[in-house]
Amino acid sequence: MLVHPARVRPLAEKPRRAGPVVYWMSRDQRAEDNWALLAAADLARETGAPLHVAFALAPGYPGASLRHYDFMLRGLAETEAALRARGVPFHLLLGDPAAVAPEFLRAIAAGACVTDFDPMRVKTLWKRAVAEAFAGPLLEVDAHNVVPCVVASPRREYAAATFRPKIHKRLQEFLEPFPELPAFPDVALVATPPVDWGAARASLSVDAFPGPVPDIVPGPAAARAALDAFTAERLPGYAARRNDPNAGAVSGLSPYFHFGQLAPQRAALEVLAARAGHVADADAYLEELLVRRELSDNYCHYTPNYDRYDALPDWARKTLDAHAGDEREHRYTPAQFEAAASHEALWNAAQRELVATGRIHGYMRMYWAKKILEWSPSPRQALDTALSLNDRYALDGRDPNGVVGVLWSVGGLHDRPWATRPVYGQIRYMNERGCRRKFDANAYIARHS
Ligand SMILES: Cc1cc2nc3c(=O)[nH]c(=O)nc-3n(C[C@H](O)[C@H](O)[C@H](O)COP(=O)(O)OP(=O)(O)OC[C@H]3O[C@@H](n4cnc5c(N)ncnc54)[C@H](O)[C@@H]3O)c2cc1C
């Protein structure tokens with residue numbers, strides 16, 4: 001058996017039938033280091049059934065533009081080639097996944113279907129539809145979290161402090177090396193023509209703006225190279241330099257994690273292997289990668305209305321409501337924020353960085369969202385503005401981390417009450433002076449002007 005059984009969860013308990021096993025790939029778009037694909041391979045080998053991988057390409061997705069689809073499709077083309085090299089056919093299904101995935105399973109007379117874990121609402125709805133329509137069993141495998149989300153905790157955690165011990169308790173059990181994907185006899189390949197990627201692009205109905213980002217290469221190979229460069233060159237010094245947006249000290253891996261082109265578990269294994277001599281750096285990185293990132297999945301999985309104002313902790317809603325009518329020195333509309341048209345050069349630089357590069361440095365990202373709270377007419381509007389700008393422009397947006405990052409900054413999620421001030425109430429405050437104390441703000445502004 002290749003996969004820890006606790007990673008696997010039945011979504012529809014129907015008896016397995018004769019026929020091929022299909023991995024319906026969604027969040028984890030890679031051939032290597034993929035527990036969901038390995039679980040499907042296990043099932044196929046049990047009975048000697050063929051293994052197929054299918055990806056259902058929705059013509060649009062909330063918040064996504066050509067920037068995101070281009071990154072994803074270039075990665076998927078590489079994944080198709082890697083799968084074919086192991087004798088596994090890859091099918092790109094065009095259309096609404098809730099409809100085209102069951103159609104494909106029916107057409108191929110699939111005996112069982114495996115998919116990957118994703119707590120985002122749209123994905124949950126697709127899975128529910130497939131679980132109902134498919135005559136065989138649908139199994140979900142958490143290939144994104146090191147400790148599977150439902151194993152780490154059975155409930156929404158209050159804060160990192162309550163979640164951290166739960167992750168560390170199960171880490172040794174789940175942070176295991178990845179086995180190789182076995183090779184399959186390539187009979188099934190012959191009947192599966194290679195994907196027509198031009199037709200896939202033509203099937204999309206997404207905005208051409210924002211377009212692809214020129215300075216980041218998508219795909220599993222580039223992701224692995226970026227991880228290797230980070231562990232060799234920038235892990236030493238990460239703990240001290242990660243909050244300086246000018247230092248280039250962070251890993252820059254979040255777009256690869258978001259599109260599943262790199263397994264977070266692979267990053268954890270490589271960072272652990274490089275830990276000797278850099279203990280504080282490795283531990284600081286693993287705290288972000290394992291505790292903070294997996295806490296975001298915990299929050300979204302156990303909070304159905306996860307991106308709504310009503311989902312904020314009671315204390316935070318109370319304090320924000322009490323200060324909703326406070327005088328704002330500056331007030332901007334969502335369009336003014338989007339156009340980087342605030343009075344403050346530092347904030348505008350962060351917004352420009354986001355629009356031009358599809359990224360904002362993590363420290364500036366907190367500042368960026370907190371100022372949206374301070375300069376919006378209401379906290380509810382601030383939440384919507386920050387979420388929609390993050391989703392539209394960030395390569396790693398539309399992710400549990402984006403939801404939690406915005407709700408932490410604007411709404412005190414996973415945080416505690418601080419001293420009361422206007423507009424923020426008891427939400428943690430940040431100001432420009434604090435940024436200037438921490439790093440060379442003028443150099444940051446100059447880079448993004
Ligand atoms: C307002 C706001 C919005 C955010 N939106 C997103 C988003 O859309 N997508 C996204 O992936 N992250 C988001 N984050 C979290 C964090 O800023 C990014 O994960 C990080 O900056 C990505 O850069 P990196 O890969 O170089 O990080 P590194 O510093 O190299 O960290 C390593 C990894 O740890 C994880 N991580 C780091 N910081 C956090 C954090 N605060 N919370 C959860 N996981 C973290 C990420 O997976 C990251 O790739 C947001 C944070 C804030 C405050």
Legend entry - Donor-acceptor pair between Ser153 and Glu157 side chains, under 3.5 angstrom: yes
Inset, instruction - Answer with yes or no whether the side chains of Asn442 and Arg436 bring together a donor and an acceptor at under 3.5 Å. - result: yes
Legend entry - Evaluation steps, side chain to side chain donor-acceptor pair (under 3.5 Å), between Gln351 and Trp368: CA-CA 7 Å; Gln351 173 64 15; Trp368 170 86; 3.0 Å; yes
Legend entry - His4 and Glu173 side chains, donor-acceptor separation under 3.5 Å: yes
Inset, instruction - Measure from the ring center of Tyr424 to the ring center of Trp418 and say whether it is less than 6.0 Å. - result: no
Inset, instruction - Answer whether the closest heavy-atom distance between the side chains of Tyr444 and Leu346 falls below 4.5 Å. - result: yes
Inset, instruction - Could you tell me whether the side chains of Asp440 and Asn246 share a donor-acceptor contact shorter than 3.5 Å? - result: no
Inset, instruction - Verify the ring-centre separation between Tyr158 and Phe163: is it less than 6.0 angstrom? - result: no
Inset, instruction - Check whether more than 12 heavy atoms from other residues, nucleotides or ligands sit under 6.0 Å from atom CZ of Arg328, and answer yes or no. - result: yes
Inset, instruction - Assert yes or no for the condition that the ring centre distance of Tyr256 to Phe71 is strictly below 6.0 Å. - result: yes
Inset, instruction - Answer yes if the side chains of Glu338 and Tyr393 hold a donor-acceptor pair under 3.5 Å, and no otherwise. - result: yes
Inset, instruction - Say whether Trp35 and Gln265, considering side chains only, have a donor N or O and an acceptor N or O under 3.5 Å apart. - result: yes
Inset, instruction - Might you confirm whether atom CD of Glu32 has over 12 heavy atoms from other residues, nucleotides or ligands at distances under 6.0 Å? - result: no
Inset, instruction - Establish, from distance only, whether the side-chain atoms of Asp207 and Ser65 form a donor-acceptor pair under 3.5 Å. - result: no
Inset, instruction - Mind telling me whether His330 and His343 have parallel, tilted or perpendicular rings, with 30° and 60° as the class edges? - result: parallel
Inset, instruction - Let me see the working for Asp297 and His144 under side chain to side chain donor-acceptor pair (under 3.5 Å), right down to the final yes or no. - result: CA-CA 9 Å; Asp297 265 30; His144 220 75; over 6 Å; no
Legend entry - Pair Tyr23, Asn34: side-chain N/O donor-acceptor within cut-off below 3.5 Å: yes
Legend entry - Arg155 charged N/C atom sitting above Tyr302 aromatic ring, 6.0 Å / 45°: no
Inset, instruction - Evaluate the ring planes of Trp197 and Phe90, with Trp represented by its six-membered ring, and classify them as parallel (under 30°), tilted (30 to 60°) or perpendicular (over 60°). - result: parallel
Legend entry - ring pair (Phe, Tyr, Trp, His ring centres under 6.0 Å) between Phe104 and Trp24, worked out: CA-CA 10 Å; Phe104 173 76; Trp24 168 28; over 10 Å; no
Legend entry - Near-ring test Phe117/His301, centroid separation under 6.0 angstrom: yes
Inset, instruction - Answer whether the closest heavy-atom distance between the side chains of Phe55 and Leu93 falls below 4.5 Å. - result: no
Legend entry - Pair Arg292 + Glu287: basic N to acidic O under 4.0 Å: yes
Legend entry - Evaluation steps, salt bridge (charged side-chain N to carboxylate O under 4.0 Å, His left out), between Asp396 and Arg365: CA-CA 12 Å; Asp396 64 9; Arg365 217 166 188 174; 2.7 Å; yes
Inset, instruction - Would you check, one step at a time, whether the test salt bridge (charged side-chain N to carboxylate O under 4.0 Å, His left out) holds for Arg121 with Asp307? - result: CA-CA 10 Å; Arg121 191 175 297 120; Asp307 51 355; 2.8 Å; yes
